[in-house]
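Structure first, commentary second.
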Amino acid sequence: MLKLSNLLSAIKPLEIIGGTDKNIVGLSSDSRNVEKEGMFVAVRGVTTDGHKYIPVVASAHVGAIVCETLPASFQQGVTYIRVENSAEALGNLASAWFGYPSTKLKLVGVTGTNGKTTTATLLYEMARMEGYKAGLLSTVCNYIDSVAVASTHTTPDPISLNSLLARMVAEGCDYAFMEVSSHAAAQHRIAGLKFAGGVFSNLTRDHLDYHGTVENYMNAKKSFFDMLLPDAFALVNADDKAGAYMLQNTRARKYTYSLRRDADFRGRIVEQRLDGTLLMLNGREVEVQFTGKFNAYNLTAVYGAAILTGFNPEEVLVNMSRLVPVAGRFQTFRSDKGVTAIVDYAHTPDALVNVLDTIREVVGQTGEVITVVGCGGDRDHGKRPMMAHEAAIRSDKLFLTSDNPRTEAPEAIIAQMKEGLTPDQLRATLCITDRREAIRAAIQSAKPGAVVLVAGKGHEPYQEINGVRHHFDDREEVAAALGEL
């Protein structure tokens, strides 16, 4: 319970109708969950507008309603607060409601198209190796120190987010690391948070179904760096052309990392295998349990961010060798018959290119590379032929299949993917709608020494079809298929 007058100090009301000397018992942006004498924040969402529920909420005797547009009539006893942006106000109110938890630990955010989960998770693991209690907010799973909390979004809504951070503070966490998605930045889910630092990985085509243009997508990422305070750090990939753009308006201390040029944190691949890499970090060699240039970027970012967060550089270097890959990110399986399968979350053209180029670099031009890939339904249609094209030119055999078709017909998605293939590429491609059968067929077709990449879903333990999530785990399917060889 908090005084309304105290809560209002967290936002900038344009207009207040009603009294502010009252207690508020709860905070919600969901009209179904608002308590009597609670506060309802009417947010304009993607699928619905909270403003249309104001009359119903008001009649339930809530204490206060925050909105961008005042209703035509007012309910007696309810305080109405008009603001410029309800979503931003919700973030600030949620932070205040939970006692500003982000100010009571060091919170580091990671954004970019690819590498967010790996970088944030490895920073969390690094902090725990250093002997600290830490929290993680990620696509795969949230953690309050060692306790797992199921994850439903890359970045939770502001109330859930601040609730998790408050639980981390209560458990004595010194640090928290979180993925900052473009949706979360655009929807102000991170408003009201104080970040100790921000990391940018890269920017390639993704989520255009939501953002509309690459420029909008890029600006959503940039808005995260724009909100950083002068005592925070901003660490960006100098090899990505969007890196410098992220730093243009930030007030944070600016740092760069790179594999190709001079930077504050410089990485270089010395030698790589399917199960590891000899990596040079600022002139020091370290053997890591990761493969690929994309992982070298991730690890260089982790190295730099860990040092900027305050960890001992020598201990960081030692612990780099102890870090292990994140579930579903270049996760390797091997059969007794000499076939290797890799499960990876790559679901954008760029990510697929990175993974397949890495596999090809390791197996050479004579090694057989087989790819199983699909595209999600109800998402960016434009990348579907691109995904198939990039996979085809880097694979000896290609299996196009379902991903999460959602409300679309899987066959229609596959047909759009095929549009990116030449006649020659089509002859080396099989279309198998059933993902389980596609994985099994690809592995059965592999010769000893071949590498089969199963891309797109990674850690996800489900397949979403017409609004229903059915249990399906690429890792389980790969292990079963390899066992049948």
Side-chain angles (χ1 to χ4, degrees), residues 108 110 112-130 138 177 197 199-202 233 235-240 243 255-332 334 340 342-346 350-364 367 451 453 458:
V108 176
V110 182
T113 304
N114 303 311
K116 294 188 299 295
T117 299
T118 294
T119 302
T121 302
L122 296 184
L123 283 167
Y124 158 77
E125 297 289 357
M126 179 72 73
R128 300 189 75 228
M129 287 177 183
E130 294 280 330
S138 85
F177 303 94
V199 181
F200 170 73
S201 59
N202 49 58
F233 68 82
L235 175 63
V236 304
N237 181 354
D239 296 342
D240 189 290
Y255 298 90
T256 59
Y257 67 95
S258 171
L259 296 188
R260 300 203 305 253
R261 65 195 75 194
D262 287 338
D264 298 291
F265 302 98
R266 180 78 160 85
R268 183 170 67 84
I269 295 172
V270 179
E271 178 185 319
Q272 67 177 341
R273 308 170 305 281
L274 280 177
D275 61 351
T277 301
L278 180 60
L279 190 63
M280 183 86 76
L281 292 170
N282 278 11
R284 303 282 297 277
E285 285 189 354
V286 59
E287 185 74 38
V288 296
Q289 301 175 55
F290 298 78
T291 299
K293 187 182 291 184
F294 61 97
N295 269 324
Y297 274 110
N298 293 336
L299 290 167
T300 306
V302 168
Y303 175 71
I307 291 171
L308 292 173
T309 301
F311 301 155
N312 181 283
E314 288 300 318
E315 291 181 10
V316 168
L317 197 66
V318 170
N319 286 329
M320 294 297 292
S321 64
R322 299 171 57 200
L323 295 170
V324 297
V326 177
R329 266 65 174 179
F330 211 88
Q331 192 167 348
T332 304
R334 290 185 178 84
T340 299
I342 294 169
V343 173
D344 194 88
Y345 189 53
D350 182 69
L352 195 58
V353 167
N354 288 338
V355 174
L356 284 168
D357 282 353
T358 293
I359 293 171
R360 182 59 71 188
E361 286 171 13
V362 175
V363 303
V451 177
L453 171 65

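- Between the side chains of Asp240 and Tyr297, no donor N or O sits under 3.5 Å from an acceptor N or O.
- Between Met320 and Met126 there is a side-chain heavy-atom pair separated by less than 4.5 Å.
- Residues Gln272 and Lys293 share a closest heavy-atom pair of OE1-N, 4.5 Å.
- Taking both residues in full, the closest heavy atoms of Leu122 and Val324 are given as CD2-O, 3.5 Å, listed atom of the first, atom of the second, then distance.
- The side-chain contact (heavy atoms from CB on, under 4.5 Å) with Thr119 is formed by just one residue from the set Val108, Val326, Asn298; it is Asn298.
- Within the 4.5 Å cutoff, the side chain of Phe330 has no heavy atoms near those of the Thr118 side chain.
- A donor-acceptor pair is defined here as one N or O able to donate and one able to accept, closer than 3.5 Å; such a pair exists between the side chain of Thr291 and the backbone of Arg273.
- The closest donor-acceptor contact from the side chain of Arg266 to the backbone of Leu259 lies under 3.5 Å.
- Between the side chain of Gln289 and the backbone N or O of Ser321 there is at least one donor-acceptor pair closer than 3.5 Å.
- The minimum heavy-atom distance linking Ala301 with Tyr257 is given by the pair CB-CZ, 3.6 Å.
- In summary, the side chains of Asn114 and Asp350 do present a donor paired with an acceptor at a separation below 3.5 Å, with no hydrogens or angles considered.
- Residues in residues 302-317 take part in these side-chain hydrogen bond (donor to acceptor under 3.5 Å, both in side chains) pairs, two or more places apart or across chains: Arg284-Glu314.
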